[in-house]
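Worksheet: one structure, shown below.
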Amino acid sequence: MCLNPGEILAGRYKIIDRLGQGGFAITYKANAIDKPRNPLYVVKEIPFPESENPRVLKQARNRFQREANALQTLGKDSRIPELFASFEDNDNFYLVQEYIEGTPLSQEIPQGKQWRLEDVITLLREILAILICVHQASIIHRDLTPSNLIRRKKDHKLVLIDFGAVKEISTLTSNSTGEILTSQAIGTNGYMPAEQYNPRSKPRPYNDIYPVGIIAIQALTGRRPTNLPQDPDTCEYIWDYLTSEAVSDDLKNILNKMVRFDFQQRYQSAAEVLQALDSLQFPQLKRRLNRSHFRPMLFGVGGLAAVLAIVLLIPRFGQQQTLPAPPPDGVSSGEKLLVQTSALWSKQRGINEFAEPNYPEALKLLKQSWREDRRDPETLIYINNALLKAINAEYYTIAIVVPIRRNQDGSILNANLAEELLRGIAQAQTEVNLGILPANDSNKDFPGQGFLEPKDIKGKGLKVIIADDGNIKSYAVQRAKYLVAQPDILAVIGHYTSDMTVETVDIYNRNQLVAISPGSTTEELTRKPRKYFFRTAPTTSIEAEALVNQLLKVGQKRAAVFYNPNSPFSASLWEEFKQQFEARGGTSFRIGNYYDLSKNNFNAEAAIEEVEKTPKTALLLIPDGQVTNSLENAIEMIKANGDRNWIVAPWTLYEPRTLELAKQLKSVEKLGVSVFWHPLISFDKKFPVNAEKLWGGPVNTRSALTYDATKTLIKALEMQPEPSREGMQQTLAAPNFKAEGATGIIEFDSKTGNRKNPPKRVAHIVPCAREQFGLTFVPIEFPTAAAAGLKCD
């Protein structure tokens, strides 16, 4: 429910306007119409958790009441807003709290502003004093950010607002075993410690110590945490060289201990930090602190108005340019490091310069990083974007959404999938921007020169924005809502998995922004087509046809299916396979309670034992697009099978981990995996050759399909006199539209957005000593690597 201005809530609170909206709650400003002078309040609306399990709502109600009681107790302290009411209405929980008139701390520490040392220490003491009060009440805030600290107008004191535990209520859910847990972490990236990314972790005081240290470092350096360099091995921040003030080793050690990646090495309480600050031996600093009051941004009303007037006049006279507003967490065109698996120091420095913004220096450093690691597509995209800014080029903007899989503590579990997708768009983007590259010595080392064909878009370049949806539905929705709100973005490539696309496709459609997916194959998107959705990947009916053909070719008429029943892709592929297989005389079935690959307690050995109770039965493995652990469980199935029964699987298993497992087995002759592109059968013969030169190694189907999605959008841009979002849709849906890519000619069914005449092949694994694992995928029509023309000796 979204309340509108003028609405009356609970017969008492008249909504004035909306103050903010996050992923978990909406906050409004309201008047109390039943009280004298109609005082202002803040109304927080928390939706009921989305679960059909009645126990989830019961626990949510208990949690809400518990947190309301805690806020009522805390509100007796003047540094915490007072709670006046708590109730539920129309499937939402509501809190009514004191309205704090003032400015958030985020306005006092903008990007680029560095504080004096004594003011930072004063800030630390003030926040820590509030935390001591909060923690003594056995409450952990869990979302302590500059935006949640308000400098109260009447006395210039800090007030702590927006406790994270309340927002957690809407994320409650139950898993397959009935356990009630939170579906995602509560907190803000950059200010949230690593352990808090684990929704199962129990809140502790050291969770709140971390963001306080981050805020202090931000004030000293003038840099947001997402723009601070980190040691790639330890994940610790490297910040002291960025300050204009001389920070002593003692203070540096205190701040570093507050923000330790490992919570066990962090201060365990706010009192410990205050005690450490008291031990600092800075007589001169202490004298300055005793003489001074807290000064940053503390002006009288007249003084503040004067300062604001000056600030507003500056752009008008062209004397100063404000820094561009950074995109939110998980979105970057070069300002942030998203793929943090092996960040080079030169790359991090380049990203820092991009954020400043100092584009020429960013370009120089990012090219240095590229020379050190040519397999990193994120770096190449940032190089292209920095070039466009550095040479003041005109360009068109598109975005791509990729999934970077993370552990529960927030660390990266697997970025391979994201990098494979990014390689495709980065290669196509580089081809465009080579066409506008100035011919001078400083650009002789630009990637791709000498073999990629330069081709600008009507004299303009191409900018790419990267968004990470993490294969998490709430993240995917957040990214989609952000991207559609950026008017310069003309189209989006993504999302990759069917799960994320089904969740977001209507957001793009409502906002008339083309989304072209290189990976979503579910027929669900065919049954309910959207005008602005297209895809370069075939649908599951096409993929099912290839797998059915393969099983019938080797004489298999029975197939046991293992899949994720909750995945739109996985469920759609089995439905299509079953229909086609049985129409041609085959039988497919699920086995007892063993078929769900997404279960955390999935037992591959037991599943194979059940399969072998029915003779001559093949296996159909359909893991989802790495949304759950089903891919890992499918690989365990291949291992447990040991090449005894035939296995067919979709292209989700066309990846290095399958080859790594196959190396451990005596034989993998009875395995067929669908593919939509392979270097040996590439429609564009130059693409795999150029890709290997560019990346220093081969690319796979996912890279090819993303390359084709990008080439498709480039073609649509070229065909429009004045490219627009609506024009992109009309161009792609036109009956005469054609684009050439690595996987073939790309045309679309104007009614469904599905690709016409899509590719379909099956690959198998053959020995090849020169490859990483001594094995490689080749199209199944080639019985050996030699037959495929590969040199493996």
Side-chain angles (χ1 to χ4, degrees), residues 324 332-335 347 350-351 353-354 357-371 373-400 402 419 421-466 486 488-493 684 686-687 690-691 693-696 699 703 706-720 723 728 739-742:
S332 176
S333 61
E335 312 87 352
K347 179 179 179 180
I351 288 171
E353 294 297 338
F354 196 109
N358 182 358
Y359 298 117
E361 186 64 19
L363 179 59
K364 175 183 173 183
L365 289 165
L366 289 167
K367 285 196 292 186
Q368 177 184 333
S369 178
W370 172 257
R371 290 192 294 272
D373 181 8
R374 283 175 50 206
R375 293 291 290 175
D376 183 356
E378 183 185 34
T379 298
L380 184 53
I381 290 170
Y382 291 172
I383 287 173
N384 277 280
N385 292 343
L387 170 74
L388 296 171
K389 292 290 189 178
I391 65 174
N392 200 26
E394 293 186 9
Y395 54 82
Y396 299 108
T397 302
I398 62 174
I400 181 168
V402 296
E419 289 185 318
L421 296 166
L422 290 176
R423 288 190 185 105
I425 192 172
Q427 185 164 336
Q429 181 194 22
T430 304
E431 290 172 353
V432 171
N433 292 331
L434 282 171
I436 62 167
L437 186 71
N440 56 47
D441 290 341
S442 63
N443 290 321
K444 286 183 177 179
D445 59 348
F446 198 86
Q449 289 205 82
F451 57 91
L452 291 185
E453 181 181 354
K455 191 177 181 184
D456 57 73
I457 308 172
K458 299 185 295 185
K460 295 184 179 181
L462 184 65
K463 176 183 176 181
V464 172
I465 295 172
I466 306 172
Q486 310 310 305
D488 56 327
I489 297 177
L490 294 174
V492 172
I493 297 176
D684 179 352
K686 291 182 180 179
F687 172 72
N690 289 342
K693 289 180 181 178
L694 183 65
W695 303 109
V699 295
S703 302
T706 310
Y707 177 81
D708 283 8
T710 315
K711 295 287 284 187
T712 300
L713 296 181
I714 291 169
K715 182 68 175 179
L717 289 168
E718 291 173 342
M719 293 175 67
Q720 299 171 71
M728 295 295 286
E740 292 189 6

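Numbering of residues begins at 1 and proceeds along the displayed sequence. All values reported here derive from a predicted model rather than from experimental measurement. Side-chain atoms are counted along with the backbone in the values below, which use heavy atoms only and exclude waters and symmetry mates.
When side chains are defined from C-beta on, Ile425 counts as touching Ile398, because their heavy atoms get closer than 4.5 Å. Using a 4.5 Å heavy-atom threshold, the side chains of Leu462 and Thr710 count as touching. Side-chain contact between Lys715 and Glu740 is absent, with no heavy-atom pair separated by less than 4.5 Å. A heavy-atom distance below 4.5 Å is not found between the side chains of Lys455 and Ile714. Within the 4.5 Å cutoff, the side chain of Asp373 has no heavy atoms near those of the Thr379 side chain.
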**Request:** Could you go through the salt bridge (Lys or Arg N to Asp or Glu O under 4.0 Å) check for Lys711 and Glu431 one step at a time?
**Result:** CA-CA 10 Å; Lys711 295 287 284 187; Glu431 290 172 353; 3.5 Å; yes
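Contact record, Ala426 with Trp695: CB-CH2, 3.8 Å, taken as the closest heavy-atom pair. The two atoms that bring Ile436 and Gly459 nearest to each other are CG2-O, 3.7 Å, heavy atoms only. What you find for Pro447 and Leu434 is that their closest heavy atoms are O-CD2, 3.9 Å. Residues Glu419 and Asp376 come closest through the heavy atom pair OE2-OD1, 4.4 Å. Across all their heavy atoms, Val699 and Ala691 have their closest contact at CG2-CB, 3.8 Å.
Atom CD of Glu718 is surrounded by more than 12 heavy atoms from other residues, nucleotides or ligands within 6.0 Å.
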Anything under 3.5 Å between a donor and an acceptor, one on a side chain of residues 382-390, the other on a protein residue two or more places apart or in another chain? List them.
residue, atom, partner, partner atom, Å
Tyr382, OH, Ser332, OG, 3.0
Tyr382, OH, Lys336, O, 2.8
Tyr382, OH, Glu378, OE2, 2.9
Asn384, OD1, Asn433, ND2, 2.9
Asn384, ND2, Leu380, O, 2.9
Asn384, ND2, Thr430, OG1, 3.1
Asn385, OD1, Gln429, NE2, 3.1
Asn385, OD1, Val464, N, 3.1
Asn385, ND2, Ser333, O, 2.8
Asn385, ND2, Val464, O, 2.8
Lys389, NZ, Tyr395, OH, 3.2

Would you list the atom pairs, donor with acceptor, under 3.5 Å between side chains in residues 360-369 and any protein atom, with sequence neighbours excluded?
residue, atom, partner, partner atom, Å
Lys367, NZ, Ser442, O, 2.7
Lys367, NZ, Asp445, OD1, 2.9
Gln368, NE2, Glu372, OE2, 3.4

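Checked by atom type and distance alone, the side chain of Asp708 pairs as donor or acceptor with a backbone atom of Ala742 at under 3.5 Å. Side chain of Gln449 to backbone of Lys444: a donor-acceptor contact under 3.5 angstrom is found.
One distance of note links CG of Leu694 with CG of Leu452; it measures 5.5 Å at 0.5 Å rounding. The distance from atom OG1 of Thr397 to atom CG of Leu717, rounded to the nearest 0.5 Å, is 10.0 Å. A distance of 10.5 Å separates CZ in Arg423 from CD1 in Ile381, rounded to the nearest 0.5 Å. If you take CZ on Phe354 and CD on Glu335, they are separated by 5.5 Å, rounding to the nearest 0.5 Å.
Residues meeting the salt bridge (Lys or Arg N to Asp or Glu O under 4.0 Å) test with Lys463, sequence neighbours left out: none. Considering only residues two or more places apart in sequence or on other chains, Pro438 meets the side chain to side chain contact (heavy atoms under 4.5 Å, CB included) condition with Ile391, Asn440, Asn443. Scored by the side-chain hydrogen bond (donor to acceptor under 3.5 Å, both in side chains) test, Asn358 finds Glu353 as partners (sequence neighbours excluded). Residues satisfying the side chain to side chain contact (heavy atoms under 4.5 Å, CB included) test with Ala399, not counting sequence neighbours, are Ile465, Leu483, Ile489, Val492. By the side chain to side chain contact (heavy atoms under 4.5 Å, CB included) test, Arg374 is found to be paired with Trp370, residues two or more places apart in sequence or in another chain being considered. Judged as a ring pair (Phe, Tyr, Trp, His ring centres under 6.0 Å), and not counting sequence neighbours, the contacts of Phe687 are Trp677, Tyr707. Residues passing the side chain to side chain contact (heavy atoms under 4.5 Å, CB included) test with Lys458 are Tyr396, Pro723, sequence neighbours excluded. Contacts of Thr706 classified as side-chain hydrogen bond (donor to acceptor under 3.5 Å, both in side chains), with partners at least two apart in sequence or in another chain: none. For Glu394, the salt bridge (Lys or Arg N to Asp or Glu O under 4.0 Å) partners at least two apart in sequence or on another chain are Lys460.
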